[in-house]
Amino acid sequence: MVSRPHLRVDRTACRGAGQCAYHAPHLFDQDDDEGLVILLHDTPSPADLPAARLAIATCPNQAITLTDR
Amino acid sequence: MDILVDVSGRSPLPPPTRRSDPFHPPEGFAALRQGPPVRVRLPSGRDAWLVSRYADARAVLADPRFSADDSHPEFPRRSARPATSGGLSFLRMDDPDHGRLRRMLTSEFTVRRITAMRPGILRVVTGLLDELERGSPPVDLVERFALPLPSLVICRLLGVPYEDHAFFQSRSMTILSTSVAPERAAAGFAELAAYLDRLVAAREREPTDDLLGRLAARHVATGALGRAELVAIARLLLIAGHETTANMLALSVLTLLRHPAQLAALRADPSLIRPAVEELLRFLSVVQNGVFRVTREPVEVGGARLEAGEGVVVALPSANRDAGHYRDPDTLDIRRPNGHHLAFGHGAHQCLGQTLARVELEIALTELLARFPALDLAAPLEDLRFRDDITVYGVYALPVRW
């Protein structure tokens with residue numbers, strides 16, 4: 001069984017700081033009404049993993065998680 | 001260990017404020033980072049906890065048990081003057097009030113919205129550089145470039161007439177000063193409020209397509225936001241929007257000029273601008289007095305037990321120089337891998353305008369360096385006056401030639 005890292009976002013924790021959309025714009029965006037996180041791709045390619053991890057580490061509200069499953 | 005022994009049974013010491021080198025935080029923080037948070041006595045005479053380490057700072061700022069509500073009597077302040085309650089809007093509120101107001105603004109500062117502002121910001125930068133080039137050096141880069149750029153940008157975004165810049169710039173400086181009399185700061189606060197109240201009233205009568213106009217139309221008109229609340233938001237954004245970026249920009253230019261190898265690397269490869277801006281934000285951490293909180297309940301931080309209702313000062317410049325988190329933290333390295341600096345704070349209150357600040361810094365530094373390949377300081381470093389007495393650190397004037 002192949003384990004694929006999977007991104008999740010918690011829009012109730014998000015406060016729209018925008019670090020994810022700034023550091024990893026191909027994975028994250030923000031909605032037009034409240035600027036809250038929108039996940040563009042939930043299974044990042046291996047090449048996208050460093051950007052995904054940076055978005056997780058810089059998110060001020062722990063609104064992004066990456067899980068193997 | 002010395003620190004623990006030293007403070008027990010004695011009056012707390014003041015937090016370190018004296019810089020022996022203008023490019024580094026006060027030296028006293030290095031020793032403080034070796035131990036848990038300590039009690040310090042603030043200039044107001046009140047005591048508070050001083051949090052100096054990166055991990056502790058990040059933990060405090062992400063933890064809702066620490067309140068940002070400055071109406072609490074133990075909320076740390078620099079001077080004995082009482083806080084103007086509600087004066088700094090959602091910056092000094094907790095959720096859900098903080099979230100209610102901040103949510104009305106986040107759509108204005110998304111990465112996509114700020115990216116769309118890039119061409120306009122580039123035009124402002126180009127215009128300022130054109131004017132600069134027509135003049136004869138030496139010129140003060142603060143007055144001619146670093147301050148007008150973010151002022152023009154925030155004025156345009158908010159819908160505040162830039163012609164009034166001398167007025168709001170002087171009031172902002174007074175409000176942020178830690179050395180002016182409290183009455184003067186309070187007067188500056190009130191004058192800005194009266195000015196913005198007139199502006200907001202005009203927007204209510206006739207909404208315009210700018211941030212204040214949109215908020216008036218969307219939220220004041222529906223009763224979701226009071227006039228006074230919008231005025232406080234406008235004042236917060238106006239002050240935060242130009243003071244921080246202006247000082248980061250001037251200090252960044254000076255720092256690069258004093259680090260010729262780093263400057264040469266950036267000139268040789270302009271694509272380094274993004275990591276360079278992150279590193280300058282970390283290295284300079286211009287919010288020099290850090291951010292304040294008060295505990296809602298007992299909480300343990302990095303080996304210290306804080307009781308409910310105790311003030312906390314989170315020393316951002318110290319946290320960003322923590323050797324426990326950064327390798328060679330006192331070295332400026334524009335190629336440094338992103339180390340999640342705390343220059344914009346952390347947690348629910350992390351800077352709303354951070355993308356705008358980053359984009360302004362990127363464009364301004366890139367264009368300035370491209371325009372003036374021989375840019376240099378036009379005064380000895382010893383002659384420069386640093387803003388040791390202002391909440392936002394920087395340099396009062398930066399004479400340059402090219």
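Just so we're on the same page: letters track the sequence lines, and every chain starts at 1.
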Trainee: Side chain, backbone, both or neither: which part of A:Asp31 has a non-hydrogen atom closer than 4.5 Å to chain B?
Mentor: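 Just the backbone, heavy atoms under 4.5 Å.
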
Trainee: Considering all heavy atoms of both residues, which atom of B:Val111 and which atom of A:Gly18 are nearest to each other, and what is their separation?
Mentor: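 Scanning both residues completely, I find the closest heavy atoms to be CG2-O, 3.3 Å.
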
Trainee: How about B:Arg296: does its CZ atom have over 12 heavy atoms from other parts shown lying under 6.0 Å from it?
Mentor: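 Enclosed.
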
Trainee: Using modelled atom types only, decide if a donor and an acceptor are shared between the side chain of A:Glu34 and the backbone of B:Thr106 within a distance under 3.5 Å.
Mentor: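 Side chain of A:Glu34 to backbone of B:Thr106: no pair is present.
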
Trainee: Kindly compute the distance separating CD1 (A:Ile38) from OG1 (B:Thr110), expressed to the nearest 0.5 Å.
Mentor: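 Those atoms lie 9.5 Å apart.
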
Trainee: Identify whether the distance between the nearest side-chain nitrogen and carboxylate oxygen of A:Asp33 and B:Arg103 falls below 4.0 Å.
Mentor: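 Result for this pair is no, no salt bridge flagged.
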
Trainee: Between OH of A:Tyr22 and CD of B:Glu278, what distance do you get to the nearest 0.5 Å?
Mentor: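 With rounding to 0.5 Å, OH (A:Tyr22) is 5.5 Å from CD (B:Glu278).
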
Trainee: Minimum heavy-atom separation for B:Gln354 to A:Ala17, with atom names?
Mentor: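 Scanning both residues, the minimum pair turns out to be NE2-CB, 3.5 Å.
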
Trainee: Could you tell me which portion of B:Arg274 (side chain, backbone, both or neither) has an atom closer than 4.5 angstrom to a non-hydrogen atom of chain A?
Mentor: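 Just its side chain gets close to chain A.
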
Trainee: Is there a side-chain contact (heavy atoms from CB on, under 4.5 Å) between B:His340 and A:Leu54? Walk through the geometry before answering.
Mentor: CA-CA 8 Å; B:His340 334 134; A:Leu54 180 58; 3.9 Å; yes

Trainee: Please check this pair: side chain of B:Arg112 against backbone of A:Gln30, looking for a donor-acceptor N/O pair closer than 3.5 Å.
Mentor: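 Yes, B:Arg112 side chain to A:Gln30 backbone: donor-acceptor pair under 3.5 Å.
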
Trainee: Between A:Cys59 and chain B, with a heavy-atom cut-off of 4.5 Å, which part of the residue counts as in contact: side chain, backbone, both or neither?
Mentor: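 It is the backbone, since no side chain atom gets that close.
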
Trainee: Is the shortest side-chain N to carboxylate O distance from B:Asp95 to A:Arg15 below 4.0 Å?
Mentor: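 Answer for the salt bridge query: yes.
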
Trainee: Kindly determine whether A:Gln19 and B:Gln350 satisfy side-chain contact (heavy atoms from CB on, under 4.5 Å), including the steps that lead there.
Mentor: CA-CA 10 Å; A:Gln19 294 248 25; B:Gln350 193 183 56; 3.1 Å; yes

